[in-house]
A.B. asks: 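My questions all concern the structure below.
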Amino acid sequence: MRWIPAFEWFDCTEGLYRLQKGDYRGAAQMISCNQEIAKDGAFSFGMLCRFFESLERDGAIGYKNLYHQCGMIGQILYLEATSLGLSATGIGCFLDDEFHALLGLQDQRYQSLYHFTIGRAVIDTRIATYQPYTH
């Protein structure tokens with residue numbers, strides 16, 4: 001596993017930062033419980049939050065609020081991907097300790113709460129798809 005000594009903090013847009021540039025396809029698959037979808041998409045990422053700071057400031061409700069924020073970001077990503085003719089999915093199984101190790105995180109200042117991937121869908125022909133409300 002590659003250790004990253006410091007984050008790049010490249011500001012991609014308001015509140016979204018690229019921490020490190022590189023080819024992390026294998027790491028994305030491993031961190032996502034070996035799901036190939038994380039490796040094979042256009043990109044895959046984990047959402048980090050300022051965990052300790054949020055809990056210190058807001059108490060227990062801060063934990064819930066962080067997940068609400070991740071969910072809202074996920075919903076926007078679904079809509080944006082769809083508008084571009086792409087597909088998106090939240091990664092339900094991920095190994096946060098391995099993700100933290102990859103980033104060199106050693107305390108709870110930052111916490112990985114939600115992972116996501118965007119790319120072109122691969123249609124599984126074994127599954128029937130119908131238009132809504134036609135059957």
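Values reported hereafter were calculated over all heavy atoms of this structure, with side chains retained and with hydrogens, waters and symmetry mates removed.
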A.B. asks: Any side chain to side chain donor-acceptor pair (under 3.5 Å) involving residues 110-123? Give me the pairs, sequence neighbours left out, ordered by first then second residue.
C.D. replies: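 Qualifying pairs, neighbours excluded: Asp96-Gln111, Ser112-His115.
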A.B. asks: Only distances under 3.5 Å count here; give the side-chain donor-acceptor pairs of residues 70-92 to other protein atoms, sequence neighbours excluded, each with its distance to 0.1 Å.
C.D. replies:
residue: Tyr78; atom: OH; partner: Gly90; partner atom: N; Å: 3.0
residue: Thr82; atom: OG1; partner: Tyr78; partner atom: O; Å: 2.9
residue: Ser83; atom: OG; partner: Glu80; partner atom: O; Å: 2.8

A.B. asks: Are Arg18 and Glu8 close enough for a salt bridge, meaning some N to O gap below 4.0 Å?
C.D. replies: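 So Arg18 pairs with Glu8 through a salt bridge.
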A.B. asks: Any side-chain heavy atom of Phe99 sitting closer than 4.5 Å to one from Leu48?
C.D. replies: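 Answer yes - side chains close enough.
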A.B. asks: Filter on side chain to side chain donor-acceptor pair (under 3.5 Å), then keep only pairs touching residues 26-40, sequence neighbours left out; what's left?
C.D. replies: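 Every side chain to side chain donor-acceptor pair (under 3.5 Å) pair that includes a residue of residues 26-40, provided the two are not neighbours, is Gln29-Asn34.
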A.B. asks: For residues 79-108, pull every pair meeting disulfide (SG to SG under 2.5 Å), keeping only residues two or more places apart or in separate chains.
C.D. replies: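 Every pair satisfying disulfide (SG to SG under 2.5 Å) with a residue in residues 79-108: Cys33-Cys93.
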A.B. asks: Mind checking what makes salt bridge (charged side-chain N to carboxylate O under 4.0 Å, His left out) contact with Asp11, not counting sequence neighbours?
C.D. replies: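 Salt bridge (charged side-chain N to carboxylate O under 4.0 Å, His left out) list for Asp11, sorted by chain: empty.
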A.B. asks: Sequence neighbours excluded, which residues qualify as ring-ring contact (aromatic ring centres under 6.0 Å, His included) partners of Phe10?
C.D. replies: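 Per chain and number, Phe10 pairs via ring-ring contact (aromatic ring centres under 6.0 Å, His included) with no residue.
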A.B. asks: Answer with yes or no whether the hydrophobic clustering places Leu103 together with Trp9; edges join I, L, V, M, F, W, Y residues whose side-chain heavy atoms lie under 4.5 Å apart.
C.D. replies: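 Shared cluster, yes.
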A.B. asks: Linking I/L/V/M/F/W/Y whenever any side-chain heavy atoms sit under 4.5 Å apart, do Leu105 and Phe45 land together?
C.D. replies: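 Cluster IDs for Leu105 and Phe45 differ.
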A.B. asks: First locate atom OH of Tyr24, then atom CG of Leu102, and finally report the distance between them rounded to the nearest 0.5 Å.
C.D. replies: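 Here the rounded value is 6.0 Å.
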A.B. asks: Suppose we screen for ring-ring contact (aromatic ring centres under 6.0 Å, His included). Which residues come up paired with Phe52, at least two apart in sequence or across chains?
C.D. replies: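 Checked Phe52 against ring-ring contact (aromatic ring centres under 6.0 Å, His included); zero matches.
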A.B. asks: Using links of under 4.5 Å between side-chain heavy atoms of ILVMFWY residues, direct or through other members, which residues join Val122 in one cluster?
C.D. replies: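 Besides Val122, the hydrophobic cluster comprises nothing; the residue is isolated.
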A.B. asks: Residues sharing Phe51's hydrophobic cluster, by side-chain heavy-atom contacts under 4.5 Å among ILVMFWY, directly or via others?
C.D. replies: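 In the cluster with Phe51 are Leu55, Tyr63, Leu66, Tyr67, Leu113.
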A.B. asks: Only counting residues at least two apart or in another chain, list the ones meeting side chain to side chain contact (heavy atoms under 4.5 Å, CB included) with Ile127.
C.D. replies: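 With sequence neighbours excluded, Ile127 shows a side chain to side chain contact (heavy atoms under 4.5 Å, CB included) to Asp124, given in chain and number order.
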A.B. asks: Can you list the residues that meet the salt bridge (charged side-chain N to carboxylate O under 4.0 Å, His left out) rule with Arg109, with sequence neighbours excluded?
C.D. replies: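 Checked Arg109 against salt bridge (charged side-chain N to carboxylate O under 4.0 Å, His left out); matches are Asp107.
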A.B. asks: Just verifying a value: how many Å separate Asp97 CG and Ile31 CD1, rounded to the nearest 0.5 Å?
C.D. replies: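 It is 11.0 Å, given to the nearest 0.5 Å.
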A.B. asks: Test of understanding: with salt bridge (charged side-chain N to carboxylate O under 4.0 Å, His left out), list the residues that count as partners of Glu53, not counting sequence neighbours.
C.D. replies: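 Checked Glu53 against salt bridge (charged side-chain N to carboxylate O under 4.0 Å, His left out); matches are Arg57.
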